[in-house]
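Residue numbers begin at 1 in each chain, while the letters A, B, ... track the order of the sequences.
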Protein chains: 4
Amino acid sequence: VKHGPERRGTAERPLGVAVVGAGYWGPNLIRNFAAHVETTLLWVCDRDESRLSAASRALAGTRTTTTIEDVLDDDAVDIVAIATPAATHLELGLACLASGRHVLMEKPLATSTADARRLVAVAEENDVVLMCDHTYCYTPPVLRIRELLLDGTVGDVQYVDSVRINLGLVQPDIDVTWDLAPHDLSILDFVLPPDQRPIAVSASTADPLGVGQACIGFLTLPLPNGGIVHVHVNWLSPTKIRKTIVAGSKRMLVWDDLLPSQRLSMYDRGIDATELDPEGRKNLLVSYRTGDMVAPALPEREALGGVVDELVAAIREHRQPLTDGQSGLRVVAALEAASRSVAEAGRLVPLEP
Amino acid sequence: VKHGPERRGTAERPLGVAVVGAGYWGPNLIRNFAAHVETTLLWVCDRDESRLSAASRALAGTRTTTTIEDVLDDDAVDIVAIATPAATHLELGLACLASGRHVLMEKPLATSTADARRLVAVAEENDVVLMCDHTYCYTPPVLRIRELLLDGTVGDVQYVDSVRINLGLVQPDIDVTWDLAPHDLSILDFVLPPDQRPIAVSASTADPLGVGQACIGFLTLPLPNGGIVHVHVNWLSPTKIRKTIVAGSKRMLVWDDLLPSQRLSMYDRGIDATELDPEGRKNLLVSYRTGDMVAPALPEREALGGVVDELVAAIREHRQPLTDGQSGLRVVAALEAASRSVAEAGRLVPLEP
Amino acid sequence: VKHGPERRGTAERPLGVAVVGAGYWGPNLIRNFAAHVETTLLWVCDRDESRLSAASRALAGTRTTTTIEDVLDDDAVDIVAIATPAATHLELGLACLASGRHVLMEKPLATSTADARRLVAVAEENDVVLMCDHTYCYTPPVLRIRELLLDGTVGDVQYVDSVRINLGLVQPDIDVTWDLAPHDLSILDFVLPPDQRPIAVSASTADPLGVGQACIGFLTLPLPNGGIVHVHVNWLSPTKIRKTIVAGSKRMLVWDDLLPSQRLSMYDRGIDATELDPEGRKNLLVSYRTGDMVAPALPEREALGGVVDELVAAIREHRQPLTDGQSGLRVVAALEAASRSVAEAGRLVPLEP
Amino acid sequence: VKHGPERRGTAERPLGVAVVGAGYWGPNLIRNFAAHVETTLLWVCDRDESRLSAASRALAGTRTTTTIEDVLDDDAVDIVAIATPAATHLELGLACLASGRHVLMEKPLATSTADARRLVAVAEENDVVLMCDHTYCYTPPVLRIRELLLDGTVGDVQYVDSVRINLGLVQPDIDVTWDLAPHDLSILDFVLPPDQRPIAVSASTADPLGVGQACIGFLTLPLPNGGIVHVHVNWLSPTKIRKTIVAGSKRMLVWDDLLPSQRLSMYDRGIDATELDPEGRKNLLVSYRTGDMVAPALPEREALGGVVDELVAAIREHRQPLTDGQSGLRVVAALEAASRSVAEAGRLVPLEP
C-alpha cells in the first residue's frame, strides 16, 4: 500500500479516520472522531473482537476489523489514531506513516528515544503529520497556563510542582513513571517557553508491594534559570490529587483539576528579591507580596475535541501540530533519563537541549 | 550555680519554669506554662528588652531578664524552656542541663549531630530530662496516627508523603529544610515503629530567587521494608498545604491539618498483592479494595498543653519523655544527612540505626 | 392503534423503545436505552428536525420522526419515554398509555394534580407501567440514604435541608420551584418512610430581576413527628451547591453531590434528649454525641442506567416501579400546594395523606 | 454614683475599662481590652467567683469583684463592657449608662424592642456612647462586603442567603433564632445601604427533639426592591456552615468564614434582564455573564480588636460608633417580629422603617 501523489487531506472533503485500539482510551477517540464535522469515522480496529462489537454497536457507517491491513488497504483512510499499548507504537506507527497516513499517537510516543526518533524521521520523510495525543495540553486550564507563561504574566518560572496520584491500576508492563508522568512532562513541555525547558532529571521510585513494578515515583528536573520542577506520580494513594503549582517571579498559578468550580487560580503573591549592592548576590532585600487571587472564567469543553481540531488544522494547513512528534520525543527522552537515574541511585541525568 | 543533692521535681509542689526566648514561639510557651496547674512561670528571658516588656505586660508574678545567669541563679527554677535560634541551643542547653535543670528544647535540638549528642550525654550525666518540643507529635491527629501504626491497624507502611508548603518567611540563617522538615521528620520518628525508621536520605533543593538559601526542598527516605518516605517543604508556595499521607498494607491515612472538620481520614482502601506461586515474586495477583472511609472523632486541644503534660510527667515519674533527646538527635542526624546529600548531587546518604 | 390482548413486555425479547423529545434531557435517554441489553431503541421523535438529525447521526437501526403517530403506529414499540416540556405531558402521556404502551415520564409528571391523577388512572385502566423519571432517586447516594432511613440506622428524621442552587437558565414557562424542586421533593418522597412524609407546605419566592418568573424559592414542609424539611432552590447563585442534610435521632447524613470523593457522610453525632420526669416534656436532659464519621464506599454508576433497569424490571415482573405514578402525583401535589402558599403570602397549605 | 461635669474619655489618658460577665465571651473582651494601647483593664466582674479566679489568674493590675457596685464606685472606670445573659442587659445597661459610663453591649442589645429603646434613650440623655458588640461587622470580609455594597460595585441587592449552622449548645433560656440570627441580622444591617433594609420578616422554626426551644429557624425578609433575604440558623447540624451569599445586579459575593484561604469571593457572574419593549415588563431579554472570580487579599486580624478601636474612636471623637444603639435596636426589632411571625404560622410581619 502506498499513498498517491497528492498529500492526504488537501481536498475539501471530510478526512477519513481509523481508530486502532478500542480498549481504555479508544472509545473516547471513536466518540470524538465520530462527532467532529470534518472527520468521518471509517474503521475501528482491535485484535480483540469483543471490544469491536461493543464499539460498533451504536455506530452507523463504521466498519470493524481485527487487522491493520484492512485499514491500510482502504484508500479513504487519511488519519490513523493509534491507542494501543506503547510496545506496539513503533511498528504500527511506521506502517501507517510509511503508507502516507497522518497519525495521532497515544502517549508515550514510543518506549525508547531511539524508536521515537525513527517515528519522527519517517513522518518527515513522508511529509505527513505525526501528532501526539497529549490530551491534557488541550484542556482550558493548560491552554490558559501556556498563554500566561508565554505572554510574560507569570514571569520567570521559579518552580513547578505536579502531583498526580490516586489508587490506580498496577500495570503489568509499564511502571508508574511511564504510565502517569507523560501527562506531567507533556504539559510541562507545552507550557514552558522552549529556552526554559528542564536540563536534567533525577528520579527515585519505590515498589513497596513487591509487584515487580515501581508504583510510586518522584522526579526532580532542574531548570536553566535555577528553578526546579518536581513530579509526584503514585498508584497507591487513597485519595486522588491532580494539582500543579507553577510559581513565577510575577504570579503563581494553581491548577486543581478536581475542583471544577475553580480549576485555575492566579495569585498575585510571591517573594521579591532585590539586589542591594553590586558586590554580593547574597545581600538581598526579601519582601513579600500578598495580593488578590483571580480565578479566570474558563470554557467547559472536552479536551479531545481540541485535539481533533488541531490535528485537522495541522493537516489542512500543512504545518506541525502544537504537540508534534518532537514534543513526544522530548517526553520519551525525559522518561528514559528518569529510568536511567533510578537505575543509578538518583544520579542527575542530563537532558539534551 | 549547682543543683542540690536531690533531683528537681520530686517534691510535690509546682515546678518553677523559665522561658528563654520570647520571639516567635516563646509567647506560646509562656502562655502554656502560665496556664498549667503543675507549673509556675517564674522568668521570661530574652536579650531583646522590647520583647520582654510585651511578654510581661499582662503577667502577674513573672520576672523578666536579659541574661540567662539570672535564671540559673534562681534555685526555684526547675525547668528551662529554650526557644532561641538553633545556633544558641548548644551553649544554653549545656549550661541549663549542667546546672541540674530539666530542659525543653525547641526544634531542631542542635545544628549538628555532634552537638545534639553532647546535649543528650550531658542530660544523662546530670540525670535530668531533656525533652524536644516536637509540638506536632502532641496534636490529636498525630497521636492517633501513632496509635494506628503501633497497634497494627495500618499494617506495613508502604509510603509516607508529607507536604508542608506555603508562602513563608525566607530565613536569613537557615534553609527551608532545616526550618520546616524537622516537623515532618519528628512526626515520622514519633509514629513509625522503631524497626521501621528510614535507613537513608536523598535530598534536592532549589534557590530560584538567588537569596542564598534553599527555599524549596525535597527529601526521599527509603524504609527498611522497601517503602519510601517523601517530604516536600517550600517557602514559595502561593497556597498553604499541610498534608501527610501514610499508606499501609491494611489501611491508608490522610492527615490534612488545614481541614478542621476532618483532619484525619482512614481509608479501607488499597492494593493487595498475593504471591501466586513459590517460584517468582513477580507472579503476583494484584487486587483492589475500595472500602469505607472513617474520620475518627478527635478531641480539640492545644498540642503545647500536651507537651507540658508530658514534660511534667516525665520529670515526676523519672522517665524519658516521648520526644526525648534521642528523638531530637535522630531528627538532626537526618537533616545533616540531607544537607550532605544536597552537597553531593542527591546521593543517598545512609542513616545510622 | 390499540394494544393486543397480551400485555407488552411479557415475551422474552428486548423491549422496543421510542424516545419522544430530543432536547436537553432526551439525548441521555437515547444513550441509555441504546446501550441497555434489554431494550432496543426504535424511534427518536421530536417536532424539531434539527434535533433529530443530531440525535440520529451516530445511531444504527433507529428511525426518527416528527410525529407521535409514527411511534404509536409501530407495534414493536413497547415503551415510550417522554422528555418534552411539562405542558405536553398530559396529552402525550394519555395517548401512549391508552395505546397500551408503558411510559417513562420526565419530571414533573404533569402541571397540575388533576392532570397527574388522570395519567395515573389511565395507566391503571390499561394495566401498563407509568414510571416517573426521578433520576436522582437512582443515584448511589440516594439509594443508600433510603436504605439507612428504612432500616432504622438514622432514627427519627429531625430535619431535612436541601439546597439546589446555581446560575441556572431562567425558564420562560416555569418558575424555579417547578423547575428544580421536583428533584428535592421526589428524593424526599423516595427516602422517607411513607408515614413520615410531609403534612403541609409553606413557600416564599422572589423575582428580584422582574423577569416575570420566581428565580428564588424557599419551601418549608413540617413532618408529622415535629420535624421540618427545608428546600432552597435558586437560579441566581454565583456558586453551585447541591447539598442535602438529613438529621435523624441516631445518625446525621450529609449528601454533597459535588464532592465526588465523598458524596455521602454519615455522622454519629447529635443531640440526645432524655425525658427526666414524667410530668413535663420540658424537663429534658440534653446531651451531645460527637462520634466518628463514616463515608461509605459507593459504586460509581450512572443513575439513568438504574432507571432503565427498574422500568424493565417493573414491566417484566408486572409490578409498580419504585418511582411510580403515585410518587409523581405526590410531587406535583406538593408543587401545587407551594404555588398556592406563595399566592397566599406563605400560608401553610396542608398536603393530603 | 454620678459622673462628673466632664464627659468621660476626653482627657488624653487611657480609658479605664470594666468587663462584666466572664463566661463564654467575656475572656475575649478581657484579652482585647488588656492588650489595647488606649485602654486599661481595671475590673473583671462576675457573680460566679470561680470564673473570676480563672480570669484574673494571669492578669497584672486588674481587680475582680462579684458586684457591679464596685465597678460603678470606681471613678476610673470609663467604659463598661457587658457580656452577661441577655435578660440582664436592661438593668445593667441602664445603671452604667445613667452613671455616665460608655457601654459596649453584647448582642442582642435587649430581649425586647421596648427595652432596647430605653437603653438607646438613656444613652442619649447622658451623652455617652452605647455600642453593640456586633463583632462580625468588624471582620475583614464583612468590612469589605460593606464597602463593595456602598460604593456600588455589587449593584442592587437581589438576594442574601445566610447560613449559620452547626451542632450547637441547646440554650435553656433562648431559642436558636435569638441565639444565632443576631449575627446575620447585624451583618445585614451593617452592609446594606439604609434605604435597602428589609421591610418585613416571615419565620418558621422547629423543635424536633421536643426540648422546649426551637433548634432550627428559617427567616425570610423581603427587601424594598423586590429582593429577598433568607437566614438559616440551626443547632442540630452535623456539619458547620458559615456561608453568606450576597447577589447583586453587577457582582455576586460569597463569604465562607470557614475557608481561611479564601473567605471572600467576588464573581463577575449573573443574569442581565433588559426590557425589550415599553409595553410589558414581562418581555425581557435574559442574558448570562460568566466572568472571572476575584478573591481579594484580606488582612488577618481579630475582629474584637476593631470593636475596641471603634469604641475608643467614637468616645474620643464624640460620635456614634458604626454599630450604635440604633443598629442594636433594629436587630432586636427584627428578632421580635420573627418571633411574632412564628407565633402566627409564618405571617409576614412588617418592620418599621
Shorter than 4.5 Å, heavy atoms on both sides: which option in [options] has the most such pairs with chain C?
{"options": "D:Thr220, D:Leu253, D:Leu167", "value": "D:Leu167"}
{"options": "D:Leu223, D:Thr290, D:Asn234, D:Asn225", "value": "D:Asn234"}
{"options": "D:Arg347, D:Met293, D:His232, D:Arg251", "value": "D:His232"}
{"options": "D:Thr239, D:Leu348, D:Thr205", "value": "D:Thr239"}

State, to 0.1 Å, how close [X] and [Y] come at their nearest heavy-atom pair, and which atoms those are.
{"X": "D:Arg144", "Y": "D:Ala297", "answer": "NH2-O, 3.7 Å"}
{"X": "C:Arg263", "Y": "C:Pro141", "answer": "CD-CG, 3.8 Å"}
{"X": "D:Gly346", "Y": "D:Ser202", "answer": "O-OG, 2.9 Å"}

Counting only N and O atoms by type, is there a donor-acceptor contact under 3.5 Å from the side chain of D:Arg269 to the main-chain atoms of D:Met252?
->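 Flag not set: sc D:Arg269 to bb D:Met252 has no pair under 3.5 Å.
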
From the options C:Leu185, C:Leu335, C:Val331, select the one residue that forms a side-chain contact (heavy atoms from CB on, under 4.5 Å) with C:Pro108.
->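 That would be C:Leu335; it is the only one of C:Leu185, C:Leu335, C:Val331 passing the side-chain contact (heavy atoms from CB on, under 4.5 Å) with C:Pro108.
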
Among [options], residue most engaged with chain D (heavy-atom pairs, under 4.5 Å):
{"options": "C:Leu236, C:Ile216, C:Ile228, C:Asp156", "answer": "C:Leu236"}
{"options": "C:Ser249, C:Gly168, C:Ala247, C:Ser265", "answer": "C:Gly168"}
{"options": "C:Gly270, C:Ala345, C:Gly227", "answer": "C:Gly270"}
{"options": "C:Pro238, C:Pro222, C:Ser204, C:Cys215", "answer": "C:Pro238"}
{"options": "C:Leu169, C:Ile245, C:Ile165", "answer": "C:Leu169"}

Side-chain touch C:Val246/C:Val191, heavy atoms, less than 4.5 angstrom =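 C:Val246 does not reach C:Val191 side chain to side chain.
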
In terms of heavy-atom proximity below 4.5 Å to chain C, should D:Val254 be classed as side chain, backbone, both, or neither?
->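 Only the side chain of D:Val254 comes within 4.5 Å of chain C.
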
Between C:His230 and D:His230, how do the two ring planes meet: parallel, tilted or perpendicular, split at 30° and 60°?
->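 Rings of C:His230 and D:His230: parallel, as their planes differ by under 30°.
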
